[in-house]
Amino acid sequence: MRNVYLDHQAATPLLPEVFDAMKPYFTEHYGNASSLHQHGLRVRDALKKARQQTAALIHAESEEEIFFTSDGTESSNLAIKGVAYANERKGKHLVVTATEHPSVMNSVEFLEKQGWTCTRIPVTPEGLINPADVAAAITPQTVLVAVHHVNHDIGAIQPVAEVGRLCAEKGVPLYVDCEASAGWLPIDVREFGASLVSFSPHRFYGPKGVGILYRNKRARLVSILHGGVQEGGRRAGTENIPAIVGAGVAAEIAQRELPARMAHTAHLQQRLWDGLRTHIEFIKLNGPVPGPRRISTNLNLSTEFIEGEGQLLLCDLNGIAVASGSSCVSKSLKISHVLAAIGLDHALAQGNLILTLGMANTEEDIDYVIETFAKIVAKLRNMSPMWEEFESGEIDSVIAPRGIGKSFSQHAAEVSGKAAH
Amino acid sequence: MRNVYLDHQAATPLLPEVFDAMKPYFTEHYGNASSLHQHGLRVRDALKKARQQTAALIHAESEEEIFFTSDGTESSNLAIKGVAYANERKGKHLVVTATEHPSVMNSVEFLEKQGWTCTRIPVTPEGLINPADVAAAITPQTVLVAVHHVNHDIGAIQPVAEVGRLCAEKGVPLYVDCEASAGWLPIDVREFGASLVSFSPHRFYGPKGVGILYRNKRARLVSILHGGVQEGGRRAGTENIPAIVGAGVAAEIAQRELPARMAHTAHLQQRLWDGLRTHIEFIKLNGPVPGPRRISTNLNLSTEFIEGEGQLLLCDLNGIAVASGSSCVSKSLKISHVLAAIGLDHALAQGNLILTLGMANTEEDIDYVIETFAKIVAKLRNMSPMWEEFESGEIDSVIAPRGIGKSFSQHAAEVSGKAAH
Amino acid sequence: MSETYTLYNPTVMDHFMNPRNMGDIKDADGVGEVGAAACGDIMKISIRIKDGKIADARFKTFGCGSAIASSSMATELIKGRTVEEAMNFTNQEVVSALGGLPPVKIHCSVLAEEALKAALEDYMKRHPEAAAEARQTEAVPA
Amino acid sequence: MSETYTLYNPTVMDHFMNPRNMGDIKDADGVGEVGAAACGDIMKISIRIKDGKIADARFKTFGCGSAIASSSMATELIKGRTVEEAMNFTNQEVVSALGGLPPVKIHCSVLAEEALKAALEDYMKRHPEAAAEARQTEAVPA
Ligand SMILES: Cc1ncc(COP(=O)(O)O)c(C=O)c1O
Ligand SMILES: Cc1ncc(COP(=O)(O)O)c(C=O)c1O
């Protein structure tokens, strides 16, 4: 059976060069960066180099603007809470996109319980914000605006540079979560006008266990994990040296390979989407069409009349690794809040599948996925009461309405005795 | 030149077996534990196994009581803030030992800014608390008691089981920071009566980038890093799978080797201390004497009339890696708060050196250290105005007073125009 | 891959991959279609009754792996039972027969129970005489 | 180890490992001992004056590597200077000659400046005539 990994948004394999660079720091150069002897001083040098390499990937002015955390989640938490706590006296208002990652949304919710308020900027059905909405939401109490670069679910590229200009005019720092774009799209913190930027190497063939937070020196930021004076006093705790070294090398390679990565994945993205929509009826792409507003690695699909977890499981049994934003795959039984924010019909959200491409994927992989997925859809539709009811004219399609029958949602509400979401 | 690593409190090399266990999880089994396909399910299994292995090391009842964090600092922060926030309605009072690690002390200080109050339990000159002091400090508003198992600086073993019994009587959860003991001393969470226990594998030949927090199911705990629903919703963020796998294996090996580790280091500890006090005058051991109240890996010394950083540098130049709690090695120019808490004379705190033993150290190493350190002391004393003034009878020794001359501290205050601390 | 990792246990996976009794019954004696308000899954079970017993049961499911497996297992378990016995059917039977479900997926088995009960009710609505009999039998142990 | 890592730059390390002018001057013309309130370091500098110039300078230091290096460098720099020149000596000269110190260690060079000034003051206290002359010379450029 062919194995096709299409979940690069969830994890990527470590590049052999990155692993080789990390290796000596496990058993040989195992020192603690706080130690003043040989073992400590050596890894301190390694730390500095990794800071320079990661700073270069996002065109930061100085490596001193780079803070190492444990992952993207911690970086988001530090950006949101660290800026909020640092500016408590100035004001307690935040502005964030409605489709930020849960690590941003839930940090904001935590602060709301502590007396902060937050304006959530809505998105278009394609998932894009209107920068003017951000400007309008800023008040004299606003201490931070958070707009992610690329959406983790639907691949939409937000107009961050425009937002950055508006924030600069109003003197409010902008935080850009680049977790879903770093290593796959160019990032320039100065062009973005960003005061804070986060990303993680595990998304671009680097190691897990390390996240990066860039902070422009002018932005005030306090620590949220308290203890020692590591990372300029802004992140206490023994540094994860091997992972940090790996982050540096992964960043360096990403910078070098960026054009090739974008070209390769854009080609496969187009081939995959064209193949799927040709071979499968009632399938919809969520988020912008492939092009300048969508990252080349992501396809977010809704296949009507069937549910996402079943699609995912059958894909897996056929060697294809994918993700889904369906409520059935979530521990909270809720559809992805991003799909809710773009106003996606619940039936389509339930039929959601997320495919994310990487460098190891080939044209043959893509053709195999198209062929296999068409069979999976047929199998599941054959099992689905909704497909039967659609064919009998009892319910209608959301994707390509025929004007016959009631809506899926209406039907679902009737049989469950409650509206779906 | 002989190389003697005597800073096992700061870092330990990864065991080859641990590294081998981690290896496949970098490039091969690189999945995200949240993914529902093969790649995710495989690492989910690995995660469960590591949970069982780490639970076993501390005799936890169930692996579900184990939460993986990024390091000891995050575990301390989660224990302190996670319990405080979870019990906000019950009360806002904490009780902690005065000699907790900064990750505990500074978490408490952060909470104090947010309206909590805290009682700090003093220690004896040996660094030990009196359990009765803890019981006396508990009020109806107390939501957590924190007493570390072993002190990171002076190796004192606290009477945690006794404190645990008193806490149980009062119905207040006890948090025991075992970062300085795990892998080197037996830990039994039930014998301790601990509701929370933290430790990190990087202290016992495991990887950096992972910390463990044990939480008894009855203790309420909320998340402090917000985002996804990893770790039962109590620690968001992509799991650092290779490090977690390594933590499990390191824990398993530690459990197996514990008696050998204790015997080996206790023997070297005695040899080292005996050798040093025989060959060097005016040297003092801080913390309890080697024996049941001191961990076998730690010697904390004060050598009079000379300063610690100089000792550390000369040790390093002679291949000996050590640490110091002198103010000169700290970025804040403050002596270790532990040395302050045991009431150590400032002159002795300045002359502080911390030596921590490990399995690779040999008797020959120890003899080399004794011989070399005696020369270093002689060299530095030869350079020291204090030694000269001691010899001339102008100032007296704190360690072995002759009753001649003023005290070092008095002299230092006179020449600096200010009391030292 | 040498080893295969599965989200559900082998029994659940088997019923998901090779569902039993998938489809519709032409001119069924009872049809029940229910939806899970929580997640949006929909399940439809149709039954044929012969001599007061469930002669056939078929399902169609819009839902996750465990929803499909639950309906497959429920239809499998219920065949051959009397209408009265079927009225006492609970989701616990499905869970046990499947060898357990993840806690978050228990509601899928509940949906199967509900779909079956809805089909039985539909049958009884169409056959009031059977309903009366069933109620009578039910009343005895109560 | 193939490569050696050092906390301070090679010049500082050299002055720490091989301090120049370490010791005391017997019957010195001036002795200054100062302490750093911040960290507790103590530095003592003794000087011999000949023909209004510093003929010799020695130090003893209780302190960290950079404190020892700073006193070594300060005594080295100051030899041969006139008392008046020496009065204008600043820690910046020590820092530059050492090729830089970590920010947190700048106070060590300040301590060296203070110890030297204290020694000079001690000399002038013992030799009021020299003090008068020095003040006069000092007054000119002011
Ligand atoms: C956009 C975005 N931000 C933040 C995160 C959190 O990162 P991590 O999983 O490294 O903690 C993710 C992870 O999925 C993400 O996609
Ligand atoms: C007793 C104790 N607790 C907590 C910590 C913090 O652990 P980490 O360095 O893994 O963040 C340390 C580290 O030195 C420690 O010694």
Side-chain angles (χ1 to χ4, degrees), chain B residues 1-3 303-314 316-319 321 324 326-335 345-352 376 379-392 394-395 408-421, chain D residues 1-2 4-8 10 12-26 31-46 58-72 75 101-108 110-111 114-115 118-119 122:
Chain B
M1 186 172 63
R2 187 178 279 270
N3 272 299
T303 306
E304 216 170 358
F305 312 115
I306 56 176
E307 184 277 334
E309 192 207 87
Q311 299 175 42
L312 185 156
L313 290 180
L314 286 177
D316 189 33
L317 292 165
N318 284 285
S324 166
S326 146
S327 70
C328 291
V329 304
S330 109
K331 287 178 194 159
S332 58
L333 293 179
K334 283 204 186 106
I335 59 162
D345 185 278
H346 189 269
L348 295 188
Q350 273 303 87
N352 181 245
I376 290 171
K379 175 171 176 157
L380 289 173
R381 281 190 178 155
N382 189 37
M383 268 195 240
S384 170
M386 310 318 298
W387 178 247
E388 178 191 330
E389 284 154 12
F390 168 69
E391 289 202 306
S392 71
E394 223 176 304
I395 66 168
F408 180 112
S409 296
Q410 196 188 334
H411 178 78
E414 280 170 21
V415 295
S416 72
K418 207 179 129 187
H421 76 151
Chain D
M1 248 170 280
S2 47
T4 302
Y5 295 83
T6 54
L7 183 58
Y8 302 113
V12 178
M13 288 307 286
D14 179 39
H15 276 263
F16 166 64
M17 290 186 289
N18 313 298
R20 330 289 199 260
N21 316 310
M22 202 280 292
D24 293 289
I25 298 176
K26 265 214 153 90
V31 178
E33 186 173 0
V34 295
C39 65
D41 283 358
I42 291 174
M43 216 179 268
K44 185 174 159 189
I45 288 184
S46 35
R58 298 277 164 107
F59 81 91
K60 280 213 165 174
T61 293
F62 168 92
C64 63
S66 69
I68 290 171
S70 291
S71 40
S72 166
T75 50
L101 282 175
V104 74
K105 295 295 188 181
I106 296 294
H107 75 277
C108 297
V110 173
L111 203 62
E114 289 174 353
D122 181 46

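Below, read A as the first sequence line, B as the second, and so on, with proteins coming before strands; counting in each chain starts at 1.
At least one side-chain heavy atom of B:Phe305 sits less than 4.5 Å from a side-chain heavy atom of B:Ile395.
Only the side chain of B:Lys379 comes within less than 4.5 Å of a heavy atom of chain D; its backbone N, CA, C and O stay farther away. No part of D:Ser71 comes within reach of chain B, as not one of its non-hydrogen atoms sits under 4.5 angstrom from that chain.
Atom CE of D:Met13 is separated from atom CG of B:Leu317 by 4.5 Å, given to the nearest 0.5 angstrom. Here the CG atom belonging to D:Asp122 is positioned 12.5 Å from the CD1 atom belonging to D:Ile45, to the nearest 0.5 angstrom.
Residue B:Val329 comes nearest to B:Leu312 through the heavy atom pair CG1-CD1, 4.5 Å, listed as atom of the first residue, atom of the second, then distance. B:Ile335 and B:Ala349 get closest at one heavy-atom pair: CD1-CB, 3.5 Å.
Remark: the B:His411 side chain and the B:Glu389 side chain contain an N/O donor-acceptor pair separated by less than 3.5 Å.
Chosen from B:Gly319, B:Pro385, B:Ser326, the residue pairing most often with chain D at heavy-atom distances under 4.5 Å is B:Pro385. Of the listed residues (D:Val34, D:Thr6, D:Thr61, D:Ile68), the greatest number of heavy-atom pairs within a distance under 4.5 Å of chain B belongs to D:Thr61.
When the heavy atoms of residues 16-23 of chain D are compared with those of chain B, the residues falling under 4.5 Å are D:Phe16, D:Met17, D:Pro19, D:Met22, listed by number.
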Verify side-chain contact (heavy atoms from CB on, under 4.5 Å) between B:Glu304 and B:Phe408, making sure each step is shown before the conclusion.
CA-CA 10 Å; B:Glu304 216 170 358; B:Phe408 180 112; 5.7 Å; no

Quick one: do D:Lys105 and B:Glu309 satisfy side-chain contact (heavy atoms from CB on, under 4.5 Å)? Show the steps, please.
CA-CA 12 Å; D:Lys105 295 295 188 181; B:Glu309 192 207 87; 2.9 Å; yes

